[in-house]
K.L.:
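Sharing a structure here in structure tokens format.
Counting begins at 1 with the first residue of the sequence. Quick caveat: nothing in here was measured; it's all calculated off a predicted structure. Whatever order the structure lists ligands and atoms in, that order sets their numbers, starting from 1.
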Amino acid sequence: MNNVESGDDVIIRVEGAIGRITLNRPKALNAISYAMVKQIDAALDAWCDDPAVTAVVIDGAGEKAFCAGGDIMHLYENGRADPEVGRPFWADEYRLNSKIAHYPKPYIALMDGITMGGGVGLSVHGSHRIVTERSMIAMPEVGIGFLPDVGGTHILAKAPGHTGLYLGMSGARMNAADAIFAGFADTHIPSKSIKSLIEALASGVDVDAALKSISTLPDAWKLVDLQPKISTAFDHSTALQCVAHLDTMAETGDEWAIRTRDTIRKASPTSVAATFYAVRNAATLPNLEACLAVEYRFAFRTLIMHDFYEGVRAVLVDKDNNPKWQPSRLEDVTDEMILAAFADIGEREWRLA
Ligand code: QUE
């Protein structure tokens, strides 16, 4: 396949030996739309069988972001009238996440800048996950009444100790070092080396050798130093017990516990309880696809639930950061509610094909 023209929102082309994907909605922090999912998916299929393409590189246009997530605004604007706008989007996005995980050629994701939610799904399953001093990586969905999806529960469940529960329930931001520690990335390079890296890859050099030659040590991490606190605060069998533990730590004046407790309390109680359940459950599942199928059950119901609209309104539309969740307190989220949110959806279960 030669150079492929696609819509402006994603630029897809072959440069020398690489298939190159550039997310190109910089004003929307490169948030990924359904059309972009389909174009990326088609490009990966075409390059799979193209001997001229030896590796795939994905990056984001603009100064700020690799990709801030899914095209949440479209779902917010259309989901009330028709929840079906979300279901095929999520189903195909998750199929793309799985395709990336099993891609037979090197898939190099350049997480240079903001990388959240759906942006994590486009990078974290790849063979070569690159971070820079500009990386800001998070799974912040609990703040908008959703849950860490795109295989997020799979990655979070594999993070050391209870780090995944902490990251998923609080949406805490990671820098490059944290992302490597938590299993979201492999290699740190200086942001200024990206241009020459892409040129080297296009010239057909060995991917691992090229990365090794420019990799540098990342900035100091936070997650390693926090391990003792994380491993005690999140070592519980309910989300509420974790919050209660943070309360106890907060009483001693622990700044991290205060901040983490307040952040979790501000997030959707249903999303926090669902994330606690799904991340712990993911540890018992055999593979990424089993995790995606469980995430999909929640996503399937998201556009007929309350909190997603309220979360997007408060965080992205009105930006008042004052969501009124239903139920409003973690204490009022029952096991029955969580089991119902993750109940089997019969004919509509997520499948790869
Ligand atoms: C949680 C999220 C998202 C988020 C903020 C959160 C998310 C997402 C965006 C986003 C940001 C800027 C845009 C845009 C979307 O923000 O998934 O279109 O211009 O896509 O707290 O999960």
Side-chain angles (χ1 to χ4, degrees), residues 7-10 23-37 40 58 60-79 85-86 89-90 92-94 96-97 111 113-124 135-153 155-156 164 166-174 184 259-260 262-272 274-275 278-279 292 295-296 298-299 301-303 305 307-325:
D8 284 351
D9 287 352
V10 53
L23 309 172
N24 188 36
R25 294 179 73 205
K27 284 181 191 148
L29 302 179
N30 298 322
I32 182 171
S33 67
Y34 196 7
M36 291 160 73
V37 167
I40 295 168
I58 184 165
E63 293 301 307
K64 283 194 184 146
F66 167 66
C67 174
D71 189 2
I72 295 300
M73 287 311 299
H74 181 77
L75 303 178
Y76 174 81
E77 282 161 6
N78 300 284
V85 298
F89 165 69
W90 278 309
D92 283 335
E93 183 187 24
Y94 299 178
L96 174 58
N97 302 141
M111 294 183 266
I114 297 165
T115 303
M116 305 194 298
V120 170
L122 290 179
S123 46
V124 77
S135 294
M136 192 288 275
I137 299 176
M139 293 303 281
E141 292 90 346
V142 292
I144 57 163
F146 194 45
L147 89 170
D149 68 337
V150 296
T153 62
I155 301 296
L156 292 170
Y166 163 59
L167 294 172
M169 292 166 68
S170 72
R173 298 170 168 198
M174 290 176 272
F184 283 67
R259 203 165 56 241
T260 302
D262 291 351
T263 305
I264 295 174
R265 281 289 191 188
K266 226 171 131 22
S268 158
T270 305
S271 292
V272 168
T275 298
V279 172
L292 288 166
E295 293 167 6
Y296 184 71
F298 192 95
R301 296 180 170 98
T302 289
L303 297 184
M305 302 198 335
D307 278 3
F308 175 79
Y309 298 102
E310 179 57 9
V312 176
R313 182 204 65 72
V315 172
L316 295 174
V317 180
D318 298 341
K319 300 187 170 112
D320 59 22
N321 285 313
N322 191 20
K324 299 281 181 257
W325 307 116

K.L.:
Verify, without hydrogens or angle tests, whether Asp71 (side chain) and Tyr34 (backbone) share a donor-acceptor contact under 3.5 angstrom.
P.N.:
no

K.L.:
Determine whether a donor-acceptor pair (N or O, by modelled atom type, separation under 3.5 Å) exists between the side chain of Tyr309 and the backbone of Gly79.
P.N.:
yes

K.L.:
How long is the gap from CD1 on Ile40 to CD1 on Ile32, to the nearest 0.5 Å?
P.N.:
4.0 Å

K.L.:
Ignoring hydrogens and angles, tell me if any N or O in the side chain of Asp307 forms a donor-acceptor pair with the backbone of Trp325 under 3.5 Å.
P.N.:
no

K.L.:
Glu93 side chain to Val150 main-chain N or O, any donor-acceptor pair under 3.5 Å?
P.N.:
no

K.L.:
Determine yes or no for a side-chain-to-main-chain donor-acceptor pair under 3.5 angstrom, with Ser271 supplying the side chain and Phe146 the backbone.
P.N.:
yes

K.L.:
Any protein N or O within less than 3.5 Å of an N or O in ligand 1? List each pair with its distance, or say none.
P.N.:
{"residue": "ligand 1", "atom": "19 (O)", "partner": "Ala28", "partner atom": "O", "Å": "3.2"}
{"residue": "ligand 1", "atom": "20 (O)", "partner": "Ala68", "partner atom": "O", "Å": "3.4"}
{"residue": "ligand 1", "atom": "20 (O)", "partner": "Gly70", "partner atom": "N", "Å": "3.3"}
{"residue": "ligand 1", "atom": "20 (O)", "partner": "Gly70", "partner atom": "O", "Å": "2.6"}

